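Report on the structure given below.
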Amino acid sequence: MNTLRSIKGTHDILPEQSRRWQSLEQNIHNFMERYGYAEIRTPAFERTELFARGVGSETDIVSKEMYSFRDMSDTSVTLKPELTAPVIRSYLQHNLGRITPLTKLYYIDHAFRQERPQKGRYRQFHQYGVEALGSPHPEIDLEIIAIAYFSLLELGLENLTIKLNSIGSSECRTAFREALKDFLRPHLNDLSETSRRRFDTNPMRILDTKVPHEAEIVKSAPIIAEYLTSADRAHYEELKSGLKSLSIPFEEDSNLVRGLDYYTRTTFEIISPALGAQSSVCGGGRYDGLIETLGGKPTPGIGFATGIERVLLAQDAAGIIANPQNTKIYLISLDDPGRAANLVLISQLRNAGIKSDMDYLRRSMKAQFREANRLGAEFVIINGNTEIKAGTVQIKDLNTGEQSAIAPADLISHLLK
RNA sequence: GUGGGCGUAGCUCAGCAGGUUAGAGCAUCUGGUUGUGGCCCAGAAGGCCGUGGGUUCAAGUCCCAUCGCUCACCCCA
């Protein structure tokens with residue numbers, strides 16, 4: 001094919017899929033309404049600086065995955081690679097905190113990362129997510145995880161695993177980081193190049209290693225849990241007991257660190273077995289330092305993001321399909337006068353709220369019937385010279401095969417009763 | 001950035017150890033029924049065999065390159 005193609009890692013959402021997207025989006029809107037979250041929509045691109053400061057310049061996202069360019073005023077801008085930082089920027093810019101001390105927002109949006117695509121990982125991808133800004137207390141952590149989990153259940157996902165960890169507040173992370181470096185230092189020569197680099201830039205990421213012999217070393221590394229302050233620990237325990245009381249299952253995973261710099265205390269991830277290598281459908285956590293980092297007054301926050309393409313993949317695995325919207329009535333034209341009459345009739349039907357369609361290709365009657373079947377029509381109207389002379393149209397029930405004459409003026413009331 | 005798999009009709013795929021006009025199923029259109037669908041039957045239309053080069057009397061088939069898709073590593077939604 002010599003035709004133009006979409007950019008690698010980007011995809012058209014075609015008619016056969018768009019219905020599923022609409023249904024999923026509607027589901028999320030309804031769900032968030034119930035939980036008292038309001039939608040926020042941020043621009044497709046932001047100043048590069050927002051992500052460098054907010055996400056962390058040492059993260060993979062910022063260091064190698066961003067679509068960045070300079071605009072006409074030579075400002076470096078970036079297609080948003082994640083959605084939390086723009087929401088916080090907007091929250092600060094418009095001082096949303098003035099309205100209520102706790103701001104509850106959700107979004108359904110797309111993001112862009114320049115990675116090598118694979119199953120469940122695309123360069124333009126979609127997420128829905130929430131951010132709750134203003135509460136440091138574990139009950140909001142509980143609500144966020146509940147929303148993440150229950151919304152996925154509502155979307156029909158099965159066999160989900162919630163992985164949970166607390167990586168502590170900034171004080172304890174500093175202590176932990178030093179302890180971890182002390183532990184790793186003797187092994188430095190055995191570590192891979194990336195791990196050695198992370199030793200200086202972000203040693204906690206080494207805990208995520210997939211290299212077998214490094215994973216072996218890391219097994220006996222210090223555990224963040226031992227460095228939590230008593231306040232951190234109390235927060236974590238309260239969250240866990242809350243999850244139990246809501247019967248939300250979870251597994252603790254002390255190596256769950258997250259690739260983003262801004263997380264504090266609670267981090268979590270939801271895994272689906274239906275996805276292949278990219279098994280995470282949802283990731284989130286608390287970010288008590290982020291708002292301050294972006295220039296706001298110290299404000300705690302927590303949120304998550306769920307990958308919509310991954311939800312769709314998991315739905316596929318669960319055999320979930322969108323319910324088809326059948327056409328109610330299909331108009332068959334037998335000749336020029338019939339077609340002219342049908343063009344008027346179909347307009348009346350549609351304006352009366354009846355889902356209707358007809359042939360625009362001047363095909364044979366047989367082809368028109370086939371089309372009516374394909375669309376799942378309940379009735380066909382048959383219209384031609386004979387009918388026009390009689391002042392009626394033929395209406396045929398495609399399920400029973402019954403057919404009768406009816407005056408066009410009576411058609412709408414007949415169909416609506 | 002690294003590695004594996006795959007590019008033949010609109011779609012899913014055959015194509016036997018290189019050998020005449022490249023096939024099937026589904027879908028499409030037309031007809032079998034001078035104005036009645038789904039099933040069935042018949043026919044038609046539809047292919048720079050991803051692209052470029054090479055080997056050969058001969059390449060969809062072998063070799064090289066290149067582009068694209070895909071899966072995986074890394075990391076993440």
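Since the structure is predicted, the reported quantities are computational estimates derived from the model, not experimental observations. The chains referred to below are lettered A, B, ... by the order of the sequence lines, with proteins before strands, and numbering in each begins at 1.
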Sequence neighbours left out, cut at 3.5 Å: what donor-acceptor pairs do the side chains of residues 271-278 of chain A make with other protein atoms?
residue	atom	partner	partner atom	Å
Ser272(A)	OG	Ala274(A)	N	3.1

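- For Glu251(A), the side-chain hydrogen bond (donor to acceptor under 3.5 Å, both in side chains) criterion is met by no residue, not counting sequence neighbours.
- Listed pair Gln278(A) / A77(B) fails the phosphate criterion, with no side-chain N or O lying under 4.0 Å from OP1 or OP2.
- The CZ-P distance, from Arg123(A) to U70(B), rounds to 11 Å in whole Å.
- Note on residues 376-402 of chain A: pairs passing salt bridge (charged side-chain N to carboxylate O under 4.0 Å, His left out), not counting sequence neighbours, are Lys328(A)-Glu378(A).
- Defined by atom type and a distance below 3.5 Å, a donor-acceptor pair is missing between the side-chain atoms of Tyr128(A) and Glu39(A).
- Two residues are said to be in side-chain contact when any heavy atoms from C-beta on lie closer than 4.5 Å; Thr78(A) and Phe69(A) fail this criterion.
- Judged by distance alone, the side chains of Tyr287(A) and Glu131(A) do bring a donor and an acceptor atom under 3.5 Å apart.
- Between the P atom of C71(B) and the CG atom of Leu313(A) lies a distance of 9 Å, rounded to the nearest Å.
- Among the protein residues, Gly129(A) comes within range of no part of the nucleic acid, since none of its heavy atoms lies under 4.0 Å from any strand.
- Contacts of Asn30(A) classified as side-chain hydrogen bond (donor to acceptor under 3.5 Å, both in side chains), with partners at least two apart in sequence or in another chain: Gln26(A).
- The residue His11(A) sits close only to the backbone: its heavy atoms come under 4.0 Å of sugar-phosphate atoms, none of a base.
- Among the protein residues, Phe304(A) comes within range of no part of the nucleic acid, since none of its heavy atoms lies under 4.0 Å from any strand.
- Annotation: side-chain hydrogen bond (donor to acceptor under 3.5 Å, both in side chains) contacts of Arg89(A) (sequence neighbours excluded): Glu46(A), Gln93(A).
- Scanning atom types as modelled, no donor and acceptor separated by under 3.5 angstrom connect the side chain of Arg363(A) and the base of C29(B).
- Rounded to a whole Å, the CG atom of Asp253(A) is 13 Å from the P atom of C76(B).
- If you take atom C1' in G38(B) and the same atom in A27(B), they sit 16 Å apart, rounded to whole Å.
- Contacts of Glu387(A) with the nucleic acid, taken as non-hydrogen atoms under 4.0 Å apart, include base atoms.
- Of all nucleotides listed (A77(B), U30(B), C71(B)), C71(B) comes nearest to the side chain of Gln118(A).
- As rounded to whole Å, 18 Å separates atom P of A77(B) from atom CG of Leu155(A).
- Remark: Ser280(A) is not in phosphate contact with C76(B), judged by side-chain N or O atoms under 4.0 Å from OP1 or OP2.
- Expressed to the nearest 0.5 Å, how far CZ of Arg41(A) lies from CG of Asp109(A) amounts to 9.0 Å.
- Nucleic acid contact class of Ala111(A) (heavy atoms, under 4.0 Å, all strands): none.
- Comparing the C1' positions of C26(B) and G1(B) gives a spacing of 41 Å, expressed to the nearest Å.
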Using nucleotides 37-39 of chain B, report all nitrogen or oxygen pairs with the protein that are shorter than 3.5 Å.
residue	atom	partner	partner atom	Å
G37(B)	O2'	Asn373(A)	ND2	2.3
G37(B)	N7	Lys396(A)	NZ	3.3
G37(B)	N1	Leu398(A)	O	2.5
G37(B)	N2	Asn373(A)	OD1	2.6
G37(B)	N2	Leu398(A)	O	3.1
G37(B)	N3	Asn373(A)	OD1	3.0
G37(B)	N3	Asn373(A)	ND2	3.3
G38(B)	O4'	Asn373(A)	ND2	3.4

Item to check | Pairing annotation in dot-bracket form, given for RNA chain B with Watson-Crick or G-U pairs under 3.5 Å and | for cross-strand partners | outcome: (((((((..((((.....[...)))).(((((.......))))).....(((((..]....))))))))))))....
Please table the atom pairs, donor to acceptor, closer than 3.5 Å between any side-chain atom in residues 7-16 of chain A and protein atoms at least two apart or in another chain.
residue	atom	partner	partner atom	Å
Thr10(A)	OG1	Ile7(A)	N	3.3
Thr10(A)	OG1	Ile7(A)	O	2.6

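- Less than 4.0 Å separates RNA chain B from no heavy atom of any residue of residues 19-30 of chain A.
- At a cut-off of 3.5 angstrom, counting only N and O atoms as typed in the model, there is a donor on one side and an acceptor on the other between the side-chain of Gln403(A) and the base of U36(B).
- The interatomic distance linking Asp359(A) (CG) with C29(B) (C1') rounds to 13 Å, in whole Å.
- Protein atom CD of Gln114(A) is 15 Å distant from nucleotide atom C1' of C75(B), rounded to whole Å.
- Listed pair Arg116(A) / C73(B) fails the phosphate criterion, with no side-chain N or O lying under 4.0 Å from OP1 or OP2.
- Residue-level contact check: Ala372(A) touches neither bases nor backbone, having no heavy atom under 4.0 Å from any strand.
- Rounded to an integer number of Å, the gap from CD of Glu65(A) to C1' of A77(B) is 12 Å.
- In this structure, Leu152(A) atom CG and A77(B) atom C1' are separated by 11 Å, rounded to whole Å.
- The P atoms of C67(B) and C13(B) are separated by 25 Å, rounded to the nearest whole Å.
- Shown here are the side-chain hydrogen bond (donor to acceptor under 3.5 Å, both in side chains) partners of Gln315(A), two or more places apart in sequence or in another chain: Arg20(A).
- Residues in residues 279-295 of chain A take part in these salt bridge (charged side-chain N to carboxylate O under 4.0 Å, His left out) pairs, two or more places apart or across chains: Asp141(A)-Arg286(A), Arg286(A)-Asp288(A).
- If you check distances only, the side chain of Arg121(A) never reaches the base of C71(B) with a donor-acceptor pair under 3.5 Å.
- Judged as a salt bridge (charged side-chain N to carboxylate O under 4.0 Å, His left out), the pairs with a partner in residues 342-356 of chain A (not counting sequence neighbours) are, in order, Arg350(A)-Asp357(A).
- Across the C1' atoms, C57(B) and G47(B) are found 26 Å apart, a figure rounded to whole Å.
- Nucleotides U20(B) and G4(B), compared at atom P, are 34 Å apart to the nearest Å.
- Set against C74(B), C71(B), U36(B), the side chain of Lys64(A) has C74(B) as its closest nucleotide.
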